[in-house]
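Note that the structure is predicted; figures quoted are calculated from it, not measured. Residue numbers start at 1 and run along the sequence shown. Whatever order the structure lists them in is the order used to number ligands and atoms, beginning at 1.
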Amino acid sequence: PAQPPGSTALKMATRKKIAIMTSGGDSPGMNGVVRACVRMAIHMGCDAYCVYEGYEGLVQGGNFIRKMEWHDVRGWLSEGGTLIGTARCMAFYERPGRLVAAKNMILNGIDALIICGGDGSLTGADKFRAEWPSLLDELVSAGELQAEQIEPYKHLNIVGLVGSIDNDLSGTDATIGCYSSLARICYAVDLIEATASSHSRAFVIEVMGRHCGWLALMAGVATGADFIFIPEKPRDDNWREDMCNVVEHHRKMGKRKTIVIIAEGALDRHGNKITPTMVKDLLADKDGLGLDTRITTLGHVQRGGTAVAYDRMLATLQGVEAVKAVLEATPETKTCFIAITENKIVRKPLMEAVQAAKEVAKAIEMQDFDRAMALRDTEFSEQYRSFIMTTAVQLDKEMLLPKEKQMKIGFINVGAPAGGMNAAVRAAVAYCLSRGHEAVAIHNGFAGFARHHGDKPLGAVRPFDWLEVDGWASKGGSEIGTNRELPSESGMETVAGLIELYKFDALFLVGGFEAFHAVAQLRRARDQYPSLCIPITLLPATISNNVPGTEYSLGSDTCLNELVDYCDKIKQSASATRRRVFVIETQGGRSGYVATLGGLGVGASAVYTPEEGLSLEMLAADVRHLKDVFAQDKGQSRAGRLILINEKASKVYNAKLIADILRDEAHGRFESRESIPGHMQQGGVPSAMDRCRAVRLAIKCIQHLEKFGGKTREEIKTDPMSATVIGIKGASVVFSPVKTIEEEETDWPNRRPKAAFWLEMKGIVDILGGRPSYKEPE
Ligand code: ATP
């Protein structure tokens, strides 16, 4: 089998046998977990095993526990479900079942177990770990095993990975699979919306989630649904009137479609079930709204097939982290699971998370809904508030700010279009309307703003129309138009004059590196033009994800999904025809983020980035490596391979040249082609994640601008927080002063942040792709 040459470098003192298992309901990304764990374990000099069919396999033993080789998991990243099977296992609920499982582990010499599953599976794991010493004693006293046999296994080393579509475990922002499921739901709702709008119908859409409303909530946020029902936040007794009021309000404003999303586990305050039929009857009631209403139950399509880019990333990074955790564990280490907080992968105590998940269920059962909500992660309650604030627009008068705090806010998109720009604008407009702010669109960036200047403004500056904006949740591109031009190019004096003319109290920018540059210019020009002494904030949106001050830009997730889809198809073609390497050129400007994360999502053989550059030696090493792997294939598998190269990775080598070199060097042993997805990477419909994050971050931006309501120009000018960029940095969402970011964190010539947080991931792509570690000669 093809083994990564790097594996010999990191031999462990004792060669561990690490087993991986998937359990509970299947979720997209589980195969990515198995691939990452198997390959990382082998890379670290361990033996990798898979336990087939979840705990059932552990109880059955025999052929259910199999040693895995490097090539056994090839291509698994793009497969849906779990290829090693999963099952509900009744026997494991009881001690005798767990006793046999313990014996099977010892007989196979397994010293560590990585379990990917939902809260049930992790509860089982926790119980198993707690009982382990007594299980071993029982095995010896019953004569099943000898005392010497159990000696090396005194301590059970378990690590959990949360694989579940429900996103129901406390302590992690996302579970492996939840964003794939959400993507399928949003896709379905988008389809339904078209027909609902055509016939002016209402649809009640039931989604999964017996105890957890994450899918329903996020689907509501991402699609701009009219109303949602989730278990954690049952509506008040008058939910019927509430819903009818909102729907009627939206209809009066001119909406032709009504979408209500209901989680399977939706309840009222007294614990009574709210069913889709109850909701439908209410919407259709002839004496009430009288809407032509249909119910759609999405069912198992939500289990979701192939994983979205984010789940592949999560599965891979968490799988690698799980193997590291196993190898670093001592008998004193608390059993952990691998979580993600915003953008940071972290280890957390398993027991506490399992306990907290149980508490949510208990709180719902006890009808202590505030507690249930409090036990969910911050993002959950924030998104719930986001949903309410962007749907019950102008219905809740308590949300209105006093007159003197209300602002006139200019919205402007700068740079290339990116998925989620419209969703951000929509959410911010809806929030502004709820608060009494005046939201004004500046069309076509600074270029549009300046060009239409004159005694009679030519319409580049227009107030938003709620009805029009409300349909933008799922729209790609930029509805208000975007342009790369900087204020200096449009004429700073003109721009400052227009801000004065329109009496803007604040500016909200959505865009990429140019937008960041624009904010920096506006801030610096404040001394000269007092009208620029207004709060300005930027929500980064660019597929390149190269805005300083954040690790994530809107649109980068949409781009990665497009790229991963494209690569999956190319890889299939490469495998089906003959032994072929495809060299794919990605966008990303001078940032290798897209190429690297794309490579992580498809399992690339090599990724070339501008940060690392590309030399003749490096290319030669990769050519040798590819020759080796194709030679080792011996024709038993016709797997295609991919190389990703960022458009600016090298001044000399491009996708075509590399493909030509490979073909020439292969001497007929394999084929090679180049392929350029180009602007396809901007994506059509934005991804569910970009849409959800757009809503959450856009509202935070307006809330940040609000803080300056009523402040003087001098106060604003001297406050560094009056010109900011919002970002996800590690485990938190933060506003950073543009002054600091532009002076300390920006690599201006290369138009990217100085520090690339994802560089570590590049190493993981190389390890899991089996690429020999390469070091440029001194
Ligand atoms: P999902 O999120 O899809 O429901 P899950 O992991 O919660 O996934 P469960 O069916 O609850 O799914 O659990 C999977 C398996 O884990 C069970 O079939 C059982 O073998 C084991 N298990 C669950 N709970 C326990 C428990 N309390 N004690 C022992 N084993 C358990």
Side-chain angles (χ1 to χ4, degrees), residues 19-31 33 51-61 64 80-82 84-102 104-105 113-132 134-135 156 158-172 174-182 184 207-216 231 263-265 299-304 307 311 314-315 335 337-339 350-351 353-362 364 376:
I20 299 111
M21 172 175 113
T22 55
S23 171
D26 67 306
S27 72
M30 281 184 161
N31 292 319
V33 164
V51 178
Y52 282 69
E53 310 300 334
Y55 287 116
E56 189 63 33
L58 214 52
V59 174
Q60 297 281 337
F64 285 91
T82 163
I84 59 171
T86 179
R88 312 266 176 200
C89 172
M90 297 321 287
F92 201 79
Y93 282 100
E94 311 296 335
R95 188 177 160 96
R98 296 192 288 272
L99 191 69
V100 189
N104 281 328
M105 288 211 4
L113 187 59
I114 298 173
I115 296 165
C116 179
D119 63 336
S121 305
L122 298 185
T123 307
D126 194 48
K127 204 176 258 183
F128 196 38
R129 183 203 52 84
E131 269 180 5
W132 186 255
S134 74
L135 291 173
L156 174 64
I158 282 192
V159 173
L161 284 165
V162 204
S164 160
I165 61 162
D166 292 334
N167 200 7
D168 55 356
L169 201 83
S170 302
T172 186
T175 54
I176 298 162
C178 70
Y179 274 101
S180 301
S181 182
L182 180 64
R184 303 289 121 78
V207 303
M208 284 187 174
R210 245 166 281 156
H211 304 291
C212 180
W214 189 86
L215 285 173
E264 272 174 325
H300 280 75
V301 293
Q302 295 165 82
R303 287 255 164 233
D311 279 331
L314 203 57
T335 303
F337 79 104
I338 316 294
L350 175 65
M351 235 162 55
V354 167
Q355 203 50 42
K358 278 193 201 132
E359 302 245 328
V360 177
K362 206 168 4 154
I364 293 175
R376 289 265 176 249

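- Within 4.0 Å of ligand 1, counting heavy atoms only, the contacting residues are S23, G24, G25, Y55, R88, C89, F92, Y93, R98, G118, D119, G120, S121, T123, G124, K127, S164.
- A side-chain contact (heavy atoms from CB on, under 4.5 Å) with C116 is found for one member of V33, T175, V159, T86 and no other, namely V33.
- Between I165 and the options C178, C212, S27, a side-chain contact (heavy atoms from CB on, under 4.5 Å) holds for only S27.
- Without hydrogens or angle criteria, Q302 side chain to M208 main chain gives a donor-acceptor distance under 3.5 Å.
- With Y55 as the fixed residue, the ring-ring contact (aromatic ring centres under 6.0 Å, His included) test singles out one of Y93, F128, F92: F92.
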Just do the side chain to side chain contact (heavy atoms under 4.5 Å, CB included) check on L169 and S164 with the steps written out, would you? CA-CA 9 Å; L169 201 83; S164 160; over 6 Å; no
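- Counting heavy-atom neighbours within 6.0 Å of R210 CZ, excluding the residue itself, gives a total of 12 or less.
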